[in-house]
Structures are given as structure tokens and as C-alpha cells.
Number of protein chains: 2
Amino acid sequence: MATLTFRLNQNLYLRDPQHTDLGQKIIRKSVEMIDKLGFEHFTFKKLADEIESTEASVYRYFENKHRLLLYLISWYWSWLDYRIDLFTSSSTEAEAKLRACLRVLCEEKKYDPAFEFINEEALHRIVVAELDKTYLTKSVDHDNQEGLFVGFKSLCKKIAGWVAEINPAYPYPNALISMILLSAKQQIFFADHLPSLTNLPPSADRHQKLNLFLEEILFRTIQKN
Amino acid sequence: MATLTFRLNQNLYLRDPQHTDLGQKIIRKSVEMIDKLGFEHFTFKKLADEIESTEASVYRYFENKHRLLLYLISWYWSWLDYRIDLFTSSSTEAEAKLRACLRVLCEEKKYDPAFEFINEEALHRIVVAELDKTYLTKSVDHDNQEGLFVGFKSLCKKIAGWVAEINPAYPYPNALISMILLSAKQQIFFADHLPSLTNLPPSADRHQKLNLFLEEILFRTIQKN
DNA sequence: CGATTAAGGATAGTATTACTATCAAATCGG
DNA sequence: CCGATTTGATAGTAATACTATCCTTAATCG
């Protein structure tokens with residue numbers, strides 16, 4: 001099988017981790033550890049110990065742990081974008097594309113064998129729990145200038161484009177889509193931890209319910225008249 | 001003028017800061033400093049230096065800085081709840097209540113002289129920038145059990161109740177309201193820092209636009225049939 | 001009025017974190 | 001096989017998030 005890799009913004013890393021053995025270990029293990037410990041309790045020291053390397057070596061790949069998180073989450077958005085392309089390319093209608101897109105967004109994430117060293121299931125949990133921390137910092141503006149959020153921004157733009165195709169007069173397509181993208185993560189988190197803030201059940205069919213919830217909001221909001 | 005205070009969950013603090021001079025200084029100054037430095041760069045040491053007290057003394061009021069943040073944000077939700085009551089009590093119709101409620105949620109926040117030692121404008125910016133960090137931690141479940149999120153949860157429940165009054169058949173009232181409550185903060189943040197993720201303008205009338213945006217989503221989504 | 005208690009100040013100390021720096025050993029490409 | 005690059009090993013630093021102890025002062029209560 002051909003190995004796919006995503007070309008991510010070079011400012012995310014110092015040395016490309018996809019190209020070396022140590023780099024791949026860093027990615028694989030950090031996904032596992034951030035998922036388990038949470039980003040706050042995850043440190044380069046602990047990571048280095050686990051992969052039997054040293055802190056200094058990890059710092060040669062990533063400037064700091066914040067950039068590593070940004071890297072992982074950028075990877076996630078690229079992956080989602082790729083999957084959305086996969087499932088929307090067969091449609092020509094914007095409406096069908098949007099429906100397919102929401103399905104991909106809400107689906108339960110499983111390990112994707114197309115990408116060997118990433119555990120997508122764990123990465124999805126990381127995105128749910130840590131996404132907001134990537135931009136809620138005093139360095140947002142700087143990070144944004146360096147292009148560290150392009151993955152999220154371009155995905156949002158693409159989907160908002162379909163909204164504009166359906167109803168060019170609707171004035172808030174980007175706001176609506178960014179809201180939906182974030183809500184998909186938030187509501188899953190609430191279902192797991194603060195159930196009174198949602199109506200999604202704890203059971204496995206919550207992904208389907210989430211899909212219904214968001215689809216209704218999206219299409220009712222953008223319908224004409 | 002009668003001085004109002006909110007009765008917040010006792011687990012938020014070790015000693016009630018509203019009742020002492022030092023406590024009030026801690027609240028007033030921490031709002032100012034978290035707003036300026038951001039929560040990550042804010043420390044009890046820096047705070048103590050500013051109010052000319054000591055780290056140890058601050059720790060006598062709050063177990064740690066995370067609880068202090070939770071305290072401030074709980075205070076904010078209580079305040080919002082109080083303002084929503086103020087502006088909805090005149091209406092009897094659920095729809096009118098919801099409209100008034102969204103107006104309060106989206107309005108630009110100004111200093112409220114009813115509460116002397118809190119700068120609501122700064123606190124609002126803190127909520128916008130730091131809210132998600134209060135629950136995106138490994139200790140959510142524990143904090144939730146201690147009742148540290150009741151402020152947000154009860155507000156959400158109250159508003160969702162009005163939704164249910166209008167359309168009892170709508171299956172996701174809590175999810176819809178929590179989404180809207182959070183989006184109101186998020187979209188303001190995007191307008192300031194990641195404008196391509198929203199359609200709110202940088203100008204002052206963005207609060208009004210935000211109101212239109214959210215009102216349309218809410219009422220279109222819950223309309224019957 | 002004197003004694004008790006509580007609040008706050010002063011100081012010290014600890015483990016951990018998030019780095020930075022230096023040098024030597026291994027390895028890899030031409 | 002030579003030289004450049006990569007990694008490992010080790011050390012060190014400033015800051016952070018606490019905890020502990022002791023002392024002074026102020027309020028309270030019989």
C-alpha cells in the first residue's frame with residue numbers, strides 16, 4: 001500500500017517527524033500519552049523516557065509542546081479534509097456534499113490503516129479535549145501569522161463555500177460552519193463529562209444523534225425565504 | 001445603594017473572598033491581571049506582589065489558581081443569570097424571554113456599579129478567552145461532582161426550559177442552548193483573532209450582528225414541523 | 001480587661017517543569 | 001572511508017505551584 005503523508009505547515013516543526021524513525025516514534029507515542037495523561041500533564045521528559053530517548057532530542061523536532069499539539073491537531077484537520085473529499089467527490093450538489101461532510105465530521109473515528117503511525121481514535125479524543133487550547137493563548141495572533149491554523153481555517157472555508165452555493169444571501173456562512181465544527185467536539189465532550197449540557201446519550205448511537213442535531217441546525221438556518 | 005453579592009458554591013473557595021478586605025483585593029486584582037496576562041502567565045506570586053500581600057495568604061482563600069478561575073467564571077454566570085432575570089421578568093411568553101435572553105448574552109459588557117469590586121468588562125474578556133479551560137481538564141468529573149459548574153449548568157437548564165415551552169417535541173434543547181452560550185463567546189474571540197472563522201465585523205456593531213446570527217439559528221431550529 | 005482565637009505576614013523549602021548548552025558517539029550518504 | 005548530520009548523555013537554570021512553620025496583630029468574648 002502506498003503510504004500517504006500530509007504536507008503540513010513547516011512552522012509547526014523544526015525537523016519533519018514524518019521522515020525519521022525517532023520522529024515517527026515521537027508522534028506515535030505523544031498521541032498515546034496526551035490521550036492518556038491530558039495535555040497539561042504530558043511533558044517532553046515523560047515522552048523521552050517512554051521512547052527511550054532524551055528531552056533534548058525531542059526538542060530538536062518541536063520547539064515546545066504547544067507546537068507539537070498544534071502539529072497533531074493540524075494533522076487531524078488534514079485527515080478530516082481528506083476524508084471529506086473522499087466522501088463528497090461523488091456528489092455534484094452542494095447539499096449532498098454538506099450532508100456527506102457532516103456525516104464524516106460526526107462519525108465515530110476508527111484507526112485508519114492508510115496512516116501507520118497515527119492512532120486516529122486517540123487523536124480524535126485529543127482534538128475533543130484539547131482543540132480549544134491551541135488558539136486560546138496569548139500567542140494566537142503570532143501563531144496565526146505563522147500559519148499554524150491553516151488546516152482548520154481552510155476546511156472551514158471550503159465547507160462555508162458549499163453553504164454559499166445553496167444560499168448566497170445567507171450572511172454568516174463561516175460563523176455557522178466554525179460553530180458546527182466546534183460543537184461536534186464539544187457535544188461529545190459534554191456527553192462524556194457534563195451530560196446535563198447536552199441531549200446526546202452516553203451510548204454508542206450518540207454519533208448518529210449528533211449528526212441529526214447538527215444537520216437540522218445547518219439546513220434550517222440556511223434555508224431560503 | 002444595597003450591595004448585592006452572589007452565593008457561590010462553597011467548594012470554589014477556602015475562605016469567602018467577598019467578606020474581607022484582602023479577599024476583595026484578590027478578586028479585583030486577579031480579574032485585572034488575568035485579563036492582562038492571560039491565565040497561563042498569571043500566578044499567585046505575581047498577584048501577591050501586586051496587592052502587597054504574600055503567596056501564602058492568597059492560598060488561604062483559594063486552593064489553587066484553577067479554583068480561582070472557576071470562582072470568577074461562576075460569578076460571571078451568576079451575574080448573567082441575574083441580568084437575564086432582570087430583562088425577562090416582564091415577559092410572560094417564552095419566545096419573548098428567549099429574545100431578551102439572547103440580547104443580554106450578546107450585549108457588550110460594561111462595568112456594573114451594582115458590584116463594586118468586579119470589573120465586568122474585563123471579566124467578560126476572561127470568560128471569552130478562558131472559559132473552556134475550566135472544564136477541559138482531567139479533573140472535570142471530580143470538579144463537576146463538587147458542583148463547581150452549577151452556575152453554567154443551571155443557566156443552561158433555565159433557558160432550555162423556555163425552548164421546551166415553545167416546542168416540547170424538539171429533542172435537543174440543552175445541546176442547542178449550551179452550543180449557543182459557548183458560540184457567543186467563541187465568535188467574539190474569532191472576530192478579534194481569527195476573523196476568517198466568522199462573519200462578525202471587527203467594529204462595535206458585532207454584538208448586534210452576533211445577536212442576529214444566534215437568534216436566527218435558535219428560532220429556525222426550534223420552529224415546529 | 002485580659003485571654004483566646006483568627007487573619008495575615010514573613011520566610012523557607014521542595015519537586016517539577018520547560019527549557020538551553022555542551023560534548024561525545026553513532027550513523028549515514030557520497 | 002570521510003565528513004556531516006543525528007542522536008545520546010549530562011548538566012544546569014529560572015520559574016512555577018505549592019507546603020510548612022512561626023510570628024505579629026487585630027478582633028472577640030466572657
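First the proteins, then the strands, lettered A, B, ... as listed; each starts at 1.
- Across all strands shown, B:Phe44 has no heavy atoms under 4.0 Å from either base or sugar-phosphate atoms.
- Residue-level contact check: B:Tyr61 touches the backbone only, with heavy atoms under 4.0 Å from sugar-phosphate atoms and none from bases.
- When side chains are defined from C-beta on, B:Glu121 does not count as touching B:Glu108, because their heavy atoms never get closer than 4.5 Å.
- Side-chain atoms of B:Arg15 lie closest to C:dA7 of the nucleotides C:dA7, D:dT19, C:dC19.
- OP1 or OP2 of D:dG8 has at least one side-chain nitrogen or oxygen of A:Ser53 nearer than 4.0 Å.
- Ion pair B:Asp143/B:Arg67 flagged as a salt bridge, since at least one NZ, NE, NH1 or NH2 atom sits closer than 4.0 Å to an Asp/Glu carboxylate oxygen.
- Ring to ring, B:Phe44 and B:Phe62 are not that close: their centroids are 6.0 angstrom or more apart.
- Put simply, NZ on B:Lys45 is 17 Å from P on D:dT19, counting in whole angstrom units.
- The separation between B:His41 atom NE2 and C:dT17 atom P is 17 Å, rounded to whole Å.
- Counting to the nearest Å, the C1' atom of C:dT22 and the CD atom of A:Glu55 are 15 Å from each other.
- Atom P of nucleotide C:dC28 and atom CG of A:Leu22 are separated by 13 Å, given to the nearest angstrom.
- If you take CG of A:Leu69 and P of C:dA18, they are 13 Å apart, rounded to a whole angstrom.
- In this structure, of D:dT7, D:dA17, C:dC19, it is D:dT7 that holds the atom nearest to the side chain of A:Ser57.
- Between the P atom of D:dA15 and the CG atom of B:Leu47 lies a distance of 18 Å, rounded to the nearest Å.
- Taking the side chain of B:Thr43 as heavy atoms from C-beta on, and the options D:dA9, C:dA18, D:dT16, the nearest nucleotide is D:dT16.
- Atom C1' of nucleotide C:dG8 and atom CD1 of B:Ile51 are separated by 11 Å, given to the nearest angstrom.
- Atom CG in B:Asp16 sits roughly 17 Å away from atom P in C:dA6 (whole-Å rounding).
- Between the side chains of B:Gln187 and A:Ser178, a donor-acceptor pair is found at a separation under 3.5 Å.
- Between A:His66 and B:Glu52, the residue anchored nearer the 5' end of DNA chain C, judged by the nucleotide with its closest heavy atom, is B:Glu52.
- Nearest-nucleotide assignment on DNA chain C puts the 5′-proximal partner with B:Asp21, out of B:Asp21 and A:Ala56.
- Taking every side-chain heavy atom of A:Arg60 into account, C:dT22 is the closest of D:dT10, C:dC19, C:dT22.
- A donor and an acceptor atom, one from each side chain of B:Lys209 and B:Asn199, are nowhere located under 3.5 Å apart.
- Considering only side-chain atoms of A:Lys46, the nucleotide from C:dC19, C:dT17, D:dC22 that sits closest is C:dT17.
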